[in-house]
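Values reported hereafter were calculated over all heavy atoms of this structure, with side chains retained and with hydrogens, waters and symmetry mates removed. Residue numbers begin at 1 in each chain, while the letters A, B, ... track the order of the sequences.
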Amino acid sequence: MSVLEVRGLGVDYDGVRVLERIDLSVAAGAFCTVVGASGCGKSTFLRILLGQERPTRGEVLLDGVPIPPEPMPDRGVVFQKYSVFAHLSVRDNLALPLEIQRARGLGRLFGRARRQVRAEVADLLHRIGLEHAGDRYPGQLSGGMQQRLAIGQALVLKPRVLLLDEPFGALDPGIKKDMHALILNLWQDTGMTVFMVTHDIQEAFQLGTRLVVFDKLRHDPHAPRAFGATITYDLPLRPPQPPAADRPAGPDPAAAAASQPPAPDAAPETGETPDAAP
Amino acid sequence: MSVLEVRGLGVDYDGVRVLERIDLSVAAGAFCTVVGASGCGKSTFLRILLGQERPTRGEVLLDGVPIPPEPMPDRGVVFQKYSVFAHLSVRDNLALPLEIQRARGLGRLFGRARRQVRAEVADLLHRIGLEHAGDRYPGQLSGGMQQRLAIGQALVLKPRVLLLDEPFGALDPGIKKDMHALILNLWQDTGMTVFMVTHDIQEAFQLGTRLVVFDKLRHDPHAPRAFGATITYDLPLRPPQPPAADRPAGPDPAAAAASQPPAPDAAPETGETPDAAP
Amino acid sequence: QDARAQDRESFQVCWSIYAGWMPWGWIESSGLMDKWADKYDISVDVVQINDYIESINQYTAGRFDGCTMTNMDALSIPAGGGVDTTALIVGDFSNGNDGIVLKNKDELSAIEGMDVHLVELSVSHYLLARALDQIGLSERDVNVVNVSDADLVAAFDTEDVQATVTWNPLLSTILKKPEANEVFDSSQIPGEIIDLMVVNTETLRANPELGKALVGAWYEAMSIMSSDTQAGRDARTWMAEAAGTDLRGYESQLETTQMFYDPAEAVEFTRDDKLIQTMDFVRQFLFKHGILGQGAPSPDYVGMQFPGGETLGNTNNIQLRFDPSYMKMAAEGEL
Amino acid sequence: MRLINQKPSRIARYALGALPFAAVLLIYSVASKLRHMENPQDRLLPSLQQMAAAVERMAFTPSKRTGEYTMWLDTLASLERIGIGMLVSTVLALVLGIAMGAIPRIRATLAPFVGAFSLIPPITVLPILFIVFGLGETAKIALIVVGTAPVMTRTVAQATADVPDELLVKVQTLGANSWQIVTRVFVPMVLPRLIGAIRMGLVPAWIFLVSAEAIAAEQGLGYRIFLVRRYLAMDVILPYVAWITIIAYVLDRAFYLLSRKGLRWAHGEGGAL
Amino acid sequence: MRLINQKPSRIARYALGALPFAAVLLIYSVASKLRHMENPQDRLLPSLQQMAAAVERMAFTPSKRTGEYTMWLDTLASLERIGIGMLVSTVLALVLGIAMGAIPRIRATLAPFVGAFSLIPPITVLPILFIVFGLGETAKIALIVVGTAPVMTRTVAQATADVPDELLVKVQTLGANSWQIVTRVFVPMVLPRLIGAIRMGLVPAWIFLVSAEAIAAEQGLGYRIFLVRRYLAMDVILPYVAWITIIAYVLDRAFYLLSRKGLRWAHGEGGAL
Ligand SMILES: Nc1ncnc2c1ncn2[C@@H]1O[C@H](COP(=O)(O)OP(=O)(O)OP(=O)(O)O)[C@@H](O)[C@H]1O
Ligand SMILES: Nc1ncnc2c1ncn2[C@@H]1O[C@H](COP(=O)(O)OP(=O)(O)OP(=O)(O)O)[C@@H](O)[C@H]1O
Ligand SMILES: [Mg+2]
Ligand SMILES: [Mg+2]
């Protein structure tokens with residue numbers, strides 16, 4: 001059962017072909033990792049999936065229906081930076097999606113409704129390990145804590161698909177390990193479909209149920225900009241997880257991925273957890 | 001023969017003790033890596049070595065002489081960010097130190113003298129792998145290229161000591177590998193003494209001839225701010241290299257460090273070298 | 001359709017701060033205006049505007065039904081701009097209130113070749129032209145430099161200014177400087193710089209009560225302020241303070257202002273043929289400086305009407321009327 | 001040690017800061033004394049005592065005409081005008097600026113016009129302003145608004161356009177409609193720069209206030225300065241100017257503190273002058 | 001689709017941008033027509049033809065008195081004043097601003113004073129400017145400088161203080177002395193914000209130019225506007241105001257392009273309005 005289907009997708013920018021002939025069909029519960037050279041169009045592809053931009057050719061279907069040409073809550077996203085709101089405390093960042101859903105006018109709740117929302121996000125706050133930092137502003141958090149918050153915020157509305165654009169690219173290795181465990185746990189619990197662009201091949205192999213490689217297949221030395229990148233490899237790594245609801249209780253692939261032998265660059269935690277600093 | 005000597009160093013900030021009783025004696029040609037929890041005072045220690053700040057107690061000697069209370073060309077530095085000049089092209093960034101030395105008035109050379117300086121830095125430009133990007137501005141470079149430039153710039157004047165504050169903290173693992181090779185090569189060629197703060201323990205072990213760990217030794221739960229951090233471990237990893245000039249031709253420790261089995265997180269180069277992007 | 005020509009009940013007139021017009025402020029604040037307006041079943045607002053030119057511009061643009069201004073400005077701005085205007089009250093004429101001041105020289109003829117600082121195209125400019133005329137010089141023999149009235153007093157303190165023409169209270173402030181010499185003043189061309197309250201002719205025709213109320217209030221104020229009673233002193237003190245000075249300062253300004261406290265004198269002044277001659281000087285001056293109406297082909301372009309049906313200029317384009325009939329009513333106690 | 005590394009102590013900082021003020025006062029006193037020696041009735045540079053007397057008269061003695069304290073009356077009138085003017089400008093800047101920054105159609109429509117409009121020196125079109133807005137309080141407030149709102153609007157529009165695209169995409173994936181994006185993202189994120197714009201705008205606001213009051217007013221700080229200028233009463237003008245400066249300074253600081261306290265998130269790092 | 005996502009095409013953008021200008025022109029024409037129906041000699045809102053005739057007279061017909069073309073003469077005189085004034089302000093801002101931003105002692109000394117000084121409305125202290133600078137060109141230029149330099153200085157000082165500490169440490173480890181740090185780091189890094197400050201400063205500069213030319217001028221755009229205001233010649237004033245606006249716009253764009261071309265490094269990303 002494929003959640004996301006991409007058919008004959010192509011993107012040109014000002015006449016330069018960036019992506020071409022991309023066909024992809026992603027099953028529900030898959031964890032797709034995407035790698036490719038810098039500038040080959042990975043972020044562009046993600047922007048198309050988001051609906052932030054429209055493809056020059058081809059179409060994208062979500063659950064069989066063409067996606068609307070703008071971002072919607074069925075597709076969550078985490079970028080490398082600017083993914084959380086600097087003017088809201090950690091707690092308010094998590095409450096924001098619910099406030100937006102419930103207060104269609106101002107987008108802001110008051111009194112009991114507000115307390116209610118805050119109570120609802122308390123569990124999530126705990127799961128992303130920020131319960132002690134609930135009242136801090138993002139500017140007072142480390143990079144790792146900010147990305148944890150960004151992921152948490154993207155998950156509040158339980159999107160069908162979560163899109164990640166190099167979410168851990170700027171983090172220290174030790175912190176990265178933490179984040180991998182966190183994202184695998186959340187993916188496993190929610191049963192959502194994940195699309196993650198990364199520069200770290202090891203990360204791509206370790207996390208994904210499927211690895212997608214973008215590259216230029218054809219190259220004309222006389223017209224280097226004539227051809228765009230497409231999908232050159234598409235490796236299944238492990239079976240996607242069944243949707244959270246009807247998943248068997250047996251050993252699950254995500255847990256398996258998480259319990260791989262620890263990577264040898266395992267650095268000790270040097271203070272990026274909220275309490276380590278004096 | 002110790003280049004750098006730290007005696008009974010202590011630092012208070014507004015009555016809060018950050019560092020205390022630090023004694024350290026570093027041999028010429030050592031590659032000291034420094035690790036420690038976030039906020040324990042590693043950057044503070046580096047600022048003291050730089051002369052940017054004065055210690056509350058104790059003293060720092062360079063070649064047996066107390067360091068002047070401000071940064072000087074005998075101690076080079078590379079920070080995690082803001083280490084190169086955004087308004088100068090790559091080539092001009094490298095030429096800047098020489099221009100400053102030779103034009104004590106304006107700090108700017110013209111005509112022949114200028115061409116001469118540019119020729120002098122051509123080799124360095126090549127060694128840091130930026131010869132194709134010589135005319136670009138730092139804003140047009142990737143993070144890795146910027147740090148390569150920063151290191152190159154810091155080395156132009158051949159400082160006695162090079163101080164690095166998490167220079168590779170913001171880079172992708174693949175790029176990091178490159179940078180490790182680069183810094184080891186340069187260290188080896190120049191025979192300078194290196195001090196490098198890092199969060200990445202693996203990096204610390206892999207590069208250093210000596211590993212210094214900062215931590216709080218004493219902790220009073222009733223006055224958590226009463227005691228500062230000091231050096232808790234000081235592990236020799238391999239012998240420091242002899243000064244570049246009188247070094248024997250035999251196998252050298254830096255090369256040994258560089259030829260350790262490749263780390264398993266070896267990611268393929270995804271475009272951070274100057275030519276990879278289309 | 002024309003709002004000005006309609007029968008209305010509420011009116012606005014404006015005035016600006018000047019010795020001869022200070023009574024208007026007092027008329028408004030003391031309730032005299034309301035008293036007279038009530039008598040004719042209308043309401044009249046007397047509004048203070050600090051910038052003299054702006055007050056005339058606003059009147060010309062139609063925002064006010066009446067405004068205080070000099071005979072010269074009445075001809076050049078509203079009349080020249082096609083707003084048919086009637087001089088309702090001839091309040092005073094400048095009798096020394098305007099003067100030419102030289103530094104360290106006491107002969108008018110010394111002005112030849114000098115930079116003369118003044119408000120260009122104002123009555124000062126006119127005074128200068130008339131003064132030069134009398135000693136056989138013309139404007140060509142001096143260099144006129146424009147200075148805004150707000151800056152004039154301070155400007156006189158600088159080396160650059162050796163000659164200036166201005167009016168009170170700037171004049172008296174300047175004359176306090178030891179090196180300042182007044183070499184010519186408006187008392188030497190008596191009756192040529194006249195301070196008026198003008199109203200829109202169409203409005204006045206449709207609403208004669210406005211004229212009656214204004215004139216009635218004005219002459220009641222005149223009789224009070226000219227009296228040597230406590231009420232008179234109080235009124236003058238009020239005016240002095242509103243003018244930014246004290247009673248003594250204000251009274252010295254009044255000394256060089258030929259006030260027509262008695263309406264009969266004003267009527268007589270208006271009927272005198274000398275007025276026609278004065279206005280002829282004025283229109284020649286304006287025409288020469290290109291400010292008598294838009295693209296005026298000759299000094300006759302704008303017509304003026306005087307008491308007894310006499311006219312000056314184009315009778316098909318009468319825009320400025322001297323009409324003593326309301327003042328006459330006051331003189332005869334008919335208000 | 002290099003000059004840039006020589007940091008004065010706290011006390012030295014205060015002493016140095018007071019220096020130029022003391023110098024100006026000294027120069028003024030000497031110049032005033034010299035002029036008075038030449039002409040005892042000089043009005044241009046009154047002595048400090050004369051100014052003190054004028055303040056005593058204007059601020060602490062009831063006016064004979066109205067029985068009120070002139071300087072306070074003037075201050076209140078001016079503050080009211082500048083307050084309303086800046087309020088209107090702020091609202092305009094916020095509404096138009098965010099609309100321009102956020103909605104491409106509105107930006108395309110208004111940006112060139114606001115850009116051109118902000119370059120018109122308002123005092124040159126005073127007659128038209130007065131005709132449109134009348135001569136009452138509205139005109140004076142309108143002059144302040146016309147003089148400050150366009151630049152403030154441009155600042156807010158730029159701040160709105162500077163909100164990173166990532167945040168806009170993110171909030172859309174959280175289901176926000178355009179209006180919610182305005183209330184929950186644009187308005188709060190733009191506030192620090194709006195306060196900055198208000199602080200910048202207060203400088204021209206005072207200038208326009210003074211100009212407006214010089215043309216049509218019966219009280220106000222600018223009016224009084226205009227009125228006594230014809231007598232060159234610098235003993236009144238200078239204290240009034242100093243008073244205006246003090247008020248302006250206090251307002252500026254107040255907005256700065258408001259921003260620091262109320263928008264802590266925006267003042268994470270970097271010192272301001 | 002959400003409003004913030006609806007992007008007009010290139011052509012639509014131009015059309016929308018022209019809209020408000022067209023609307024103003026239309027409203028003006030109608031208002032002018034109405035007033036002329038009432039009074040054919042109305043001067044407040046001259047018709048477009050009347051303004052064209054005035055421009056013809058002022059710009060393309062030699063003056064009867066001097067044989068010169070009034071409008072060009074006025075333009076040259078004003079441009080010279082504003083040019084010199086802004087040059088002086090720029091130099092002052094650069095020198096004082098960098099000194100204040102870079103050298104702690106100078107900052108401690110000058111920052112409070114410049115801060116206070118920038119809040120004084122300069123037109124209120126004109127008499128003092130006169131005694132210091134006389135009445136000639138110097139005084140007019142001084143008014144522009146006094147009106148623009150303090151704010152520009154503050155901007156440059158802030159920009160200087162914003163140069164990251166890391167860069168200062170780095171350049172010191174390269175052996176630079178204070179003066180070299182100024183020439184090689186502060187000046188070039190501050191230039192983009194200096195150009196920004198000049199663009200911001202040009203708005204009040206025009207206002208002060210117009211005020212300055214009221215002092216004692218014989219030509220200049222502001223002088224002419226002031227003069228013809230005496231007979232409500234809006235047919236001259238309005239084209240002059242439009243002309244000032246056009247000049248101001250061209251200058252603003254020129255500085256913007258200068259910054260984009262000359263300081264490419266500073267315009268890496270982000271669009272400006
Ligand atoms: N808005 C745009 N207009 C024109 N060209 C664009 C635009 N956005 C991206 N590009 C070009 O499209 C290509 C793909 O860019 P994209 O950001 O998708 O690459 P990427 O694979 O995400 O790279 P990276 O790994 O560096 O993030 C690049 O060559 C880029 O220059
Ligand atoms: N200028 C200062 N004034 C007051 N406290 C300071 C100052 N600079 C640093 N500190 C404090 O001193 C301590 C040490 O800071 P420092 O930056 O040296 O830590 P660090 O070990 O480099 O941390 P990290 O690993 O996060 O870079 C911290 O608690 C910090 O809050
Ligand atoms: Mg990308
Ligand atoms: Mg640190």
Could you tell me which portion of [X] (side chain, backbone, both or neither) has an atom closer than 4.5 angstrom to a non-hydrogen atom of chain D?
X	value
A/Val84	backbone
A/Ala154	both
A/Leu106	both
A/Leu163	neither

- D/Ile11, CD1: over 12 other non-hydrogen atoms inside 6.0 angstrom: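 Open.
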Margin query: Please give me the minimum heavy-atom distance between A/Pro73 and D/Gly175, naming the atom from each residue.
Written below: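 In terms of heavy atoms, the two residues are closest at CG-CA, 3.4 Å.
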For chain D, which candidate among A/Pro138, A/Pro159, A/Gly51, A/Gly105 shows the most heavy-atom pairs at distances under 4.5 Å?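 Answer, by heavy-atom pair count under 4.5 Å with chain D: A/Gly105.
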*First locate atom CG of D/Leu174, then atom CG of A/Leu98, and finally report the distance between them rounded to the nearest 0.5 Å.*
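Taking CG in D/Leu174 and CG in A/Leu98, the distance rounds to 9.5 Å.
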Largest heavy-atom contact set with chain A, pairs under 4.5 Å, which of D/Leu263, D/Leu168, D/Val171, D/Val163
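When all of D/Leu263, D/Leu168, D/Val171, D/Val163 are compared, D/Val171 has the most.
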So which donor and acceptor atoms of chain A and chain D come within less than 3.5 Å of each other?
residue	atom	partner	partner atom	Å
A/Val77	O	D/Lys170	NZ	3.3
A/Ser83	O	D/Lys170	NZ	3.4
A/His87	NE2	D/Arg184	O	2.9
A/Glu99	OE2	D/Arg184	NH1	3.2
A/Ile100	O	D/Gln180	NE2	2.8
A/Gln101	NE2	D/Leu174	O	3.1
A/Ala103	O	D/Gln180	NE2	2.7
A/Arg104	O	D/Asn177	ND2	3.4
A/Arg104	NH1	D/Gly175	O	3.2
A/Arg104	NH2	D/Gly175	O	3.3
A/Gly105	O	D/Trp179	NE1	3.2
A/Leu106	O	D/Thr183	OG1	2.6
A/Gly107	O	D/Arg184	NH1	2.6
A/Ala150	O	D/Lys170	NZ	3.0
A/Gln153	OE1	D/Lys170	NZ	3.4

* To do: Only counting residues at least two apart or in another chain, list the ones meeting ring pair (Phe, Tyr, Trp, His ring centres under 6.0 Å) with A/Phe31.
  =>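 Ring pair (Phe, Tyr, Trp, His ring centres under 6.0 Å) list for A/Phe31, sorted by chain: A/Trp187.
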>> So, using ring pair (Phe, Tyr, Trp, His ring centres under 6.0 Å) as the criterion, who are the partners of A/Phe214 when residues are at least two apart?
In response: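 Partners of A/Phe214 under the ring pair (Phe, Tyr, Trp, His ring centres under 6.0 Å) test: A/Phe45.
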message: Can you list everything that forms a side-chain contact (heavy atoms from CB on, under 4.5 Å) with D/Ala99? Sequence neighbours excluded, please.
response: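 In terms of side-chain contact (heavy atoms from CB on, under 4.5 Å), with neighbours along the sequence ignored, D/Ala99 is linked to D/Ile106.
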